Amino acid sequence: MEVDKNNSSNIIDLSRSLQQKETEIELLQQTFTEVGSELDLEKIFQIVSERALELIDAETLLIPLLDKNCVTYTYRGGAGKNISEIVGESLPIELGVCGWVWKHKKPWWHGMLDELSEEEKNRWEQEIGNMILVPLQGKRHFLGGISGINKNDGTSFTKKDLNLLQLFASIVSIAIENAMAVKDMEDSHELNENYRYKLENLNKQLIESSKELEYLSLYDSVTALPNRSLFYDRLSRDIIEAENNNSTIGVLLIDIDSFKDINDTLGHDHGDSLLNKIAHRFGEEIKNNETLARLGGDEFIVVLPDQDQRQVIKRAESFINCLKDSFTVDQNSIVVSASVGVAVYPEHGNSISNLLSHADFAMYEAKNSSIKICVYDPENDHLAQGHLAMVADVRKALDEKQFELHYQPKISAESGQIVSAEALGRWYCKDRGNVPPNIFIRVLEQNGLIDEYTYWAIETALAQAKVWKSGYSIMRVAVNVSPQTLMHPEFKENIDRIIKDESDGDLLTFEITENLFLSEFDRLAEVLEHICSLGVELSIDDYGTGYSSLSRLRRLPVSELKIDQTFIKDMVENKDDEAVVHSTIELAHNLGLTVVAEGVENTSALNLLTKLGCDTIQGFLISRPLPVEKFNRFVEEK
Ligand code: C2E
Ligand code: MG
Ligand code: MG
């Protein structure tokens, strides 16, 4: 009985927190859209204060900003109780909590108490419980803060309020700073239309590029269906319920056949519109407590609580059948088919990841046969066996030092000089031939072997860089470091062991992926700061494919951004990709980052990138990744 009670209260909690999350995100999104198209400072203050008031459920919300003289601050905007008396008032900065926040550049909330000295604690104890103040940090200057006073329900502000308000502040600060610049220029009659237009655009771009929301958001922007994150939440809720009631759950993974060809033929916009229509049809098949979500690309997932295998197969048929009538996109009539993989809880797995990977396996079986629907069958799971052999081979490769590094030059777009090299893993396996790094790295990552590999790669690259340092001019070598390794509790120690000499760090760059930015921020910042303190530079790899958030990025010690090759490949022909590359270069430069274009294969791309101000070029046009001897020859001939 005890378990039952816990479970049902878990479910209620989960549902409640989901609902709340959805409301918060909607509010954030609305605010960013509104402020993104606004350059009038007073209006921005009004929008920001009203929304923030609602977001953290405060009685009063104030925006204290530092004055130009830097000795006073003024409450420039506000919402809620008593604001008519406060807004407009100026005070010396050393006064009160504002002064504390500005001095420490840290937010203020009651959790702060634990960090204060006894003396400070006594001083602030009175004020701390009912107030929250987060800093507003602009690109160029420290601006001030956003502060909430008293919660409407009489409780204290929580860590969650703090996180929400910080996220909010980090994004609206851009709009506030730009609007302040416009106001200054208006006051001095210097603002011309051209510049205003540029700023307006910059505002929009910055806010659009803040993909943090996409991550936080629970719905997919193309189809408006729940996204992966909401699907996870829902399925975990359903699993708790099924465990409780001894019931089963069907999971269908639906993949649209040949969608890539459709996308290539119709173009991405029409491809998206088709996906939207497909989602709509699938949506009509869904009943009460069932979930239809988009996992990404052309993959949909359906969760069917309380249904056994026979029922689930029937439902899978109805999803296939609802695609029978053709779709009209851009006046073309298109017929679409799909393949469905089925997994049933608990028979085929009792965790989300198990159910998903087994539905995925079954879906591939369906694709490779003429049957449209396949139920997971462990006997057919040859892959599992093949996979085990692969893990054993990779393990052996690690022990026997079969891995090698090849090096690909990165050159300066301006001078054509080699500025650095990227070390890329290579594995020649006697039985398998050359195995691409995308494959063996994943196996290493999934089997807890990646740390050992990465330290080997860093050591090898560093040793090579030292050789080059003595022979050629100093050149950094970039090593790809998996998020898993970087966030490992022992990473700092291990890296200190490898980078022993003071000048070693200056020879290395770590390429990290965007998704690392989903990690817990404080810890991530601490690790990255440590790496930088050793002289190692940090580069964001495959930028544009993950969940980067510029607001987070600019608070981390990153110095380079590599635009993913997919954008570079299509850029010459596709204006959208060119626009993405262009704005990424501008934004990155604004944040003080160097930009590398990866995957440059032809001179038209090179010329366009040079025109757009890209700093560094990497790609087959310059050279493929080469073994050391060939790389040396390449450098000598250059
Ligand atoms: P990455 O770090 O983005 O590396 C760039 C990839 O693009 C390399 O593929 C490189 O050979 C390829 N490339 C470079 N220029 C061009 C071009 O002009 N056209 C085309 N089509 N491709 C180009 P590679 O070597 O197959 O590596 C693939 C990925 O595997 C890497 O992507 C990286 O994510 C991962 N990887 C490789 N070595 C390591 C490693 O030592 N550690 C870790 N964690 N990951 C690695
Ligand atoms: Mg890389
Ligand atoms: Mg890359």
Side-chain angles (χ1 to χ4, degrees), residues 394 397-398 401-411 418 420-428 433-465 476-488 491 498 508-516 536-546 548 558 560-572 581 584 594-606 608-609 614 616-627 630-631 634:
V394 167
L398 205 52
K401 306 223 176 316
Q402 294 172 13
F403 294 112
E404 251 190 278
L405 290 180
H406 283 193
Y407 297 88
Q408 187 177 33
K410 300 186 193 176
I411 65 155
I418 302 176
S420 57
E422 175 171 8
L424 292 154
R426 293 291 178 262
W427 178 33
Y428 175 77
N434 284 318
V435 181
N438 281 330
I439 298 203
F440 70 77
I441 295 289
R442 198 167 44 210
V443 176
L444 287 163
E445 283 177 343
Q446 287 171 349
N447 293 281
L449 302 171
I450 191 67
D451 295 345
E452 193 179 332
Y453 169 88
T454 306
Y455 296 131
W456 164 83
I458 297 173
E459 272 165 340
T460 310
L462 178 61
Q464 187 55 54
R476 275 187 195 264
V477 178
V479 182
N480 294 280
V481 179
S482 299
Q484 220 174 308
T485 306
L486 199 98
M487 294 307 282
H488 193 285
F491 181 74
I498 297 173
L508 289 172
T509 298
F510 288 167
E511 292 194 5
I512 57 182
T513 64
E514 281 185 86
N515 289 347
L516 194 64
V536 178
E537 285 191 348
L538 288 164
S539 169
I540 310 286
D541 206 354
D542 306 337
Y543 181 81
T545 57
S548 273
V558 167
E560 181 183 271
L561 200 127
K562 299 182 75 175
I563 306 178
D564 189 65
Q565 12 185 312
T566 48
F567 298 106
I568 307 296
K569 291 247 153 62
D570 297 338
M571 182 182 65
V572 178
V581 172
T584 306
T594 325
V595 183
V596 182
E598 357 177 68
V600 181
E601 291 186 349
N602 50 54
T603 36
S604 18
L606 174 67
L608 185 52
L609 285 161
C614 181
T616 310
I617 306 291
Q618 180 180 1
F620 293 172
L621 177 70
I622 315 300
S623 162
R624 287 183 178 260
L626 302 169
K630 285 200 179 154
F631 185 90
F634 176 83

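Throughout, residue positions are numbered sequentially from 1 according to the sequence presented. None of these values were measured; they are calculated from a predicted model. In listed order, ligands and their atoms are each counted from 1.
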Quick check on Glu422 - does any of its heavy atoms sit under 4.0 Å from an atom of ligand 1?
yes
Atoms of ligand 1 under 4.0 Å from any heavy atom of Gly425, numbered from 1 in the order shown, are 37 (C), 38 (N), 39 (C), 41 (O)
Under 3.5 Å, is there a donor-acceptor pair between the Asp451 and Thr485 side chains?
yes
Option of least heavy-atom distance to atom 6 (C) of ligand 1 (set: Gln565, Gln618, Glu598, Arg426)
Gln565
My understanding is that we take every heavy atom of each candidate and find the minimum distance to atom 42 (N) of ligand 1. Doing that for Asn480, Ile617, Asp564, Ile568, which one comes out nearest?
Asn480
Heavy atom of the protein closest to atom 3 (O) of ligand 1 (residue, atom name, distance):
Asp542 OD1, 3.0 Å
The one among Leu424, Leu486, Ile450 that brings a heavy atom closest to atom 8 (C) of ligand 1:
Leu424
Suppose the cut-off is 2.8 Å; how many protein N/O/S atoms fall inside it around the Mg ion (ligand 3)?
4
With the side chain counted from C-beta on, respond yes when Ile418 and Phe634 share a heavy-atom pair under 4.5 Å apart, and no when they do not.
yes
Pull out every atom of ligand 1 sitting under 4.0 Å from any heavy atom of Gly619, numbered as shown with elements.
15 (N), 18 (O)
For atom 41 (O) of ligand 1, what's the nearest protein heavy atom and its distance?
Tyr453 OH, 2.7 Å
Interfacing atoms of ligand 1 (cut-off 4.0 Å, heavy-atom, Val600):
18 (O)
List the closest protein heavy-atom neighbour of atom 44 (N) of ligand 1: residue, atom name, distance to the nearest 0.1 Å.
Ser482 OG, 3.2 Å
Do Lys562 and Glu598 meet the salt-bridge criterion of a basic N to acidic O distance under 4.0 Å?
yes
Are Lys410 and Glu422 within salt-bridge range, i.e. N to O under 4.0 Å?
no
When distances are taken from atom 21 (N) of ligand 1, the protein heavy atom at minimum range is Glu601 OE2, 3.0 Å
Please report whether atom 25 (O) of ligand 1 has a protein non-hydrogen atom at a separation of less than 4.0 Å.
yes
If hydrogens are left out, which of Leu405, Asn602, Asn438 has an atom nearest to atom 29 (C) of ligand 1, that is, the closest non-hydrogen atom?
Asn438
N/O/S atom of Asn480 under 2.8 Å from the Mg ion (ligand 2), yes or no?
yes
Please state which protein non-hydrogen atom is closest to atom 15 (N) of ligand 1 and give its distance, to 0.1 Å?
Gln408 NE2, 3.1 Å
First locate atom CD of Glu560, then atom OG of Ser539, and finally report the distance between them rounded to the nearest 0.5 Å.
3.5 Å
Nearest protein heavy atom with distance in Å, relative to atom 27 (O) of ligand 1:
Pro437 CG, 3.3 Å
Contact between Lys569 and ligand 1, counting heavy atoms under 4.0 Å?
yes
When distances are taken from atom 18 (O) of ligand 1, the protein heavy atom at minimum range is Phe620 N, 2.8 Å
When the aromatic ring centroids of Phe440 and Phe403 are compared, is their separation below 6.0 Å?
yes
Output every pair passing salt bridge (charged side-chain N to carboxylate O under 4.0 Å, His left out) with a member in residues 456-465, not counting sequence neighbours, ordered by first then second residue.
Glu459-Arg497
Any non-hydrogen protein atom less than 4.0 Å away from atom 38 (N) of ligand 1:
yes
Return the name of the atom in Glu422, of element N, O or S, nearest to the Mg ion (ligand 2).
OE2
Sub-4.0 Å atoms of ligand 1 with respect to non-hydrogen atoms of Pro625:
11 (O)
Will you find, in the side chains of Glu404 and Trp427, an N or O donor that is under 3.5 Å from an N or O acceptor?
no
Could you check atom 1 (P) of ligand 1 against the protein and tell me its nearest heavy-atom contact, residue, atom and distance included?
Asp541 OD2, 3.7 Å
